[in-house]
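Report on the following structure.
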Amino acid sequence: MTDHTLLSTDESLPKIAIIGGGLTGLLTATLLERTFIQSTDIQSTDQFSIPQITVFEKSRSVGRLATRYRTDSQTGKNWQWAFGAQFFTAKTPSFQQFIAPWLETNLLQPWCAEVVALTPANGNTESSDIQHKDQWSTTQARYISTPKMTSWGRALAEDLQHTSITFKTRVAPFAQYPQNQTDDKTELFDESGNSLGCFDWVICTAPNGQALELMAESGFTESANIAKPKMQACYTLMLGWDEVQSLPATLTSQTLRWDVAYVNNSPLDRIFIEHQKPAHNDLLRSVTIHARNDWSETHVDDDIDTITEQLLQAAQHALHWDAETAPSQVDCHRWRYAATIVDNNEALGILVDPQHQWIVSGDWCGQGNIESCYQMAVETVQAIKQLI
C-alpha cells in the first residue's frame, strides 16, 4: 500500500498520527505529503525531509467508500452495491482541481443520471407513480469511482509515498493509559495496551461519536464541541436479480427510463440502479436502496433481520415485484453514523488543541459529504503549518 523504504528515519522531523483510514484520513495524509514536499527546495531535499506519517485504521481496508459484491457461480459475473456514499460533488475550484487527475484516467467519472420522484403503490393504486425530476449533468456533476466506489480510496492510499498505514488497529481512548510526561509528544496505545509510538501531532478523523470516546477525560480543550453536530443512522438495502430472471416492470419502464429515484411516503429515501452507472455494464442487475435517515435513527438498535423485512416490504411497494420478479439476492447494512445534521448550514470546522497538538476532524465537521473530507483535510494542513 505504501513504500516503507521512503519513510523518514530522522528523529528531528515531526511524527504525525492519523486515526482513521477513511477519505478524510487519506486526503489529510495526501495533502500533508504534498505540502511538505512543495515547501522544501527540491534541489536540496531527499526522502528524509518528509515527516513520518502513520495512519491507524481499525478495519482491513481504506477509503470507506463502501462496495459490496457477490459472484454468480453460474456466470462468474457480479452483483455490486455501493452501499455507502453513492456519489459526490465538487463545487469548489480547489476540489475540482484536486480530482482532475483521476477524471483524466476515468477512475472518477461523472454520473449523468436520470432522476425521478417515485410514490409507491398503495391500496388505491396498482403501481408506483413515477415522475421525471431531474438529470444530473456535467455542469453540476455528480461523480462516482470506477469500477468500484472503493477504487478511489485505494488509489489515494497507493499514491502515498511517505505514509505508513497500519490496518486492523483500534486506538485506545487517550485517557486510558498514562502519558509519558518527559516530552511534549503523545503516546498512543491500542486496545490491548500495546504502545503504537509517540507522536508530535495526532489527528482523529473518526465519526464524532467515536471521537468523543477517544477524547473523553483526556483534557482535549474542544471536547464540548465534538457533540455539537448531530449524526443520524442509515440502513442500506441491497437487491439483485439473476441474469435469466425478469426484473420488476418499475425498473424496466420504456416510457420513462431512470437511474435514481427519490421515494415519497415511505421509509425509503432513494433507489439507485447500479448496473446503469458508467463502467458498470458487466454487472448483474443490482439495486441499492437507502432508507430515510430519520427512520433509520428511530430504528437504529432494532434487530437487523426485522429491519430487512420491513425495508423489503417497502421496496416491494415501490418496485412492485411478484413471485417471478422478486430479487434473488438480498442484503442489508446498518450505518450508525451516516448523516450530519448541520444547524443553519453552519459547519463546525476542525477542532484544534494547540497545547496537546491534537486535531479532531472528519466530514461531520463540515457538511457531512465527501467534499467536506477534502475541506477538513485542507483546514488540518493549514493548522499544522501555522503551529509547526
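Keep in mind that what you see is a predicted model, and the values were worked out from it rather than measured.
In this structure, I144 and K277 approach most closely via the heavy-atom pair CD1-CB, 4.0 Å. Residues V360 and I226 share a closest heavy-atom pair of CG2-CD1, 4.3 Å. Considering all non-hydrogen atoms of both residues, V62 and G153 come closest at CG2-O, 3.8 Å. Heavy atoms only, all atoms of each residue included: S223 and L212 are closest at O-CD2, 4.0 Å. For P110 against A141, the heavy-atom pair with the smallest separation is CB-CB, 4.3 Å. The two residues A383 and I350 make their nearest non-hydrogen contact at CB-CD1, 4.1 Å.
Looking only at atom types and distance, the side chain of N264 has a donor-acceptor partner in the side chain of T119 under 3.5 Å away. Between the side chains of Q86 and E274, at least one donor N or O sits under 3.5 Å from an acceptor N or O. No donor-acceptor contact under 3.5 angstrom links the side chains of T186 and Q357, judged on distance only. Checking Q109 against N106 by side-chain atom types alone, no donor-acceptor pair falls below 3.5 Å. Between the side chains of D129 and Q131, at least one donor-acceptor pair of N or O atoms lies under 3.5 Å. No hydrogens or angles considered: nothing links the side chains of S246 and E324 as a donor-acceptor pair under 3.5 Å. For the 3.5 Å distance criterion, the side chains of D305 and T308 fail to qualify, holding no donor opposite an acceptor.
With S195 contributing its side chain and G197 its backbone, the two residues share a donor-acceptor pair below 3.5 Å. Of the possible polar contacts, none joining the W321 side chain to the L247 backbone as a donor-acceptor pair under 3.5 Å is found. Side-chain atoms of W241 do not come within 3.5 Å of backbone N or O of L284 as any donor-acceptor pair. Side chain of H280 to main chain of P278: a donor-acceptor pair is present (N/O by atom type, distance under 3.5 Å, no hydrogens or angles). Judged purely by atom type and a 3.5 angstrom limit, D363 has no side-chain atom pairing as donor or acceptor with the backbone of S372. One N or O on the side chain of Q96 and one on the backbone of A90 form a donor-acceptor pair closer than 3.5 Å. Not a single donor-acceptor pair under 3.5 Å links the side chain of N208 to the backbone N or O of A211. For S286 (side chain) and Q80 (main-chain N/O), a donor-acceptor pair under 3.5 Å exists by modelled atom type. With hydrogens and angles ignored, the 3.5 Å screen pairs a side-chain donor or acceptor of D259 with a backbone N or O of E114. Using modelled atom types, one side-chain atom of E371 and one backbone atom of T92 make a donor-acceptor pair closer than 3.5 Å.
Not counting sequence neighbours, R170 has no partner by the salt bridge (charged side-chain N to carboxylate O under 4.0 Å, His left out) test.
The pair K77-D242 fails the salt-bridge criterion, with no side-chain N (NZ, NE, NH1 or NH2) lying under 4.0 Å from an Asp/Glu carboxylate O.
Within the 4.5 Å cutoff, side-chain heavy atoms of S61 are placed close to those of R154. Looking only at side-chain heavy atoms (C-beta outward), L239 and L312 come within less than 4.5 Å of each other. Side-chain atoms of V378 and S94, non-hydrogen and from C-beta on, never get closer than 4.5 Å to each other. The side-chain heavy atoms of M215 and C204, taken from C-beta on, include a pair separated by under 4.5 Å. Side-chain contact between D190 and V171 is absent, with no heavy atoms from C-beta onward closer than 4.5 Å. Put simply, the side chain of W81 does not reach to within 4.5 Å of the side chain of H333, judged on heavy atoms. Looking at I203 and L32, their side chains come closer than 4.5 Å, going by heavy atoms from C-beta outward. Counting heavy atoms from C-beta outward, I359 and T28 have side chains that stay 4.5 Å or more apart.
Taking the six-membered ring for Trp and the full ring otherwise, the centers of W335 and F83 sit less than 6.0 Å from each other. Aromatic rings from Y143 and W152 are positioned such that their centres are separated by 6.0 Å or more.
Residues F87 and L268 are members of separate hydrophobic clusters, defined by side-chain heavy-atom contacts under 4.5 angstrom among Ile, Leu, Val, Met, Phe, Trp and Tyr. In the hydrophobic clustering of ILVMFWY residues, with side-chain heavy atoms under 4.5 Å counting as a link, L237 and M149 come out apart. Residue I99 is grouped with residue L26 when hydrophobic side chains (ILVMFWY) are merged at heavy-atom distances under 4.5 angstrom, including chains of intermediate members. Connection of I165 to L156 is established within a shared hydrophobic cluster, with ILVMFWY side chains joined at heavy-atom distances below 4.5 Å, either directly or through further cluster members. Hydrophobic clustering, with ILVMFWY side chains joined whenever heavy atoms are under 4.5 angstrom apart, keeps I273 apart from V115.
Atom CG of L160 sits about 5.0 Å away from atom CD of E33, to the nearest 0.5 Å. Rounding to the nearest 0.5 Å gives a distance of 8.5 Å between CE of M376 and CD of Q367. Note that the SG atom of C112 and the CZ atom of R142 stand 10.0 Å from one another [nearest 0.5 Å]. To the nearest 0.5 Å, atoms CG (L118) and NE2 (H317) are separated by 13.0 Å. The distance from atom CD1 of I16 to atom CZ of F36, rounded to the nearest 0.5 Å, is 5.0 Å. The line from CG of L108 to CG of L103 is 5.5 Å long, rounded to the nearest 0.5 Å.
The ring-ring contact (aromatic ring centres under 6.0 Å, His included) analysis of residues 363-388, with sequence neighbours excluded, yields the pairs F95-Y374, F98-Y374.
Taking the six-membered ring where the residue is Trp, F189 and Y177 present tilted rings, their angle falling between 30° and 60°.
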Go through E379 and S361 one step at a time and tell me if the side-chain hydrogen bond (donor to acceptor under 3.5 Å, both in side chains) criterion holds.
CA-CA 9 Å; E379 288 188 21; S361 177; over 6 Å; no
Evaluate the criterion side chain to side chain contact (heavy atoms under 4.5 Å, CB included) for residue pair S218 and W358; output intermediate values, then yes/no.
CA-CA 11 Å; S218 67; W358 297 341; 3.5 Å; yes
Is there a side chain to side chain contact (heavy atoms under 4.5 Å, CB included) between Y262 and R270? Walk through the geometry before answering.
CA-CA 5 Å; Y262 285 73; R270 285 178 289 179; 3.4 Å; yes
Run the side chain to side chain contact (heavy atoms under 4.5 Å, CB included) check on L319 and I271 step by step: do they pass?
CA-CA 10 Å; L319 299 179; I271 303 172; 4.1 Å; yes
Take V381 and R34 through the side chain to side chain contact (heavy atoms under 4.5 Å, CB included) test and state the conclusion after the steps.
CA-CA 10 Å; V381 173; R34 292 184 182 183; over 6 Å; no
Scan the side chains in residues 289-298 for donor-acceptor partners under 3.5 Å anywhere in the protein, sequence neighbours excluded, and list what turns up.
residue: H290; atom: NE2; partner: G84; partner atom: O; Å: 3.3
residue: R292; atom: NE; partner: D294; partner atom: OD1; Å: 2.8
residue: R292; atom: NH1; partner: S266; partner atom: O; Å: 2.4
residue: R292; atom: NH2; partner: D294; partner atom: OD1; Å: 3.4
residue: R292; atom: NH2; partner: D294; partner atom: OD2; Å: 3.4
residue: N293; atom: ND2; partner: A233; partner atom: O; Å: 2.9
residue: W295; atom: NE1; partner: H299; partner atom: NE2; Å: 3.4
residue: S296; atom: OG; partner: Y235; partner atom: N; Å: 3.1
residue: S296; atom: OG; partner: R292; partner atom: O; Å: 2.8
residue: E297; atom: OE1; partner: A233; partner atom: N; Å: 2.7
residue: T298; atom: OG1; partner: D294; partner atom: O; Å: 3.0

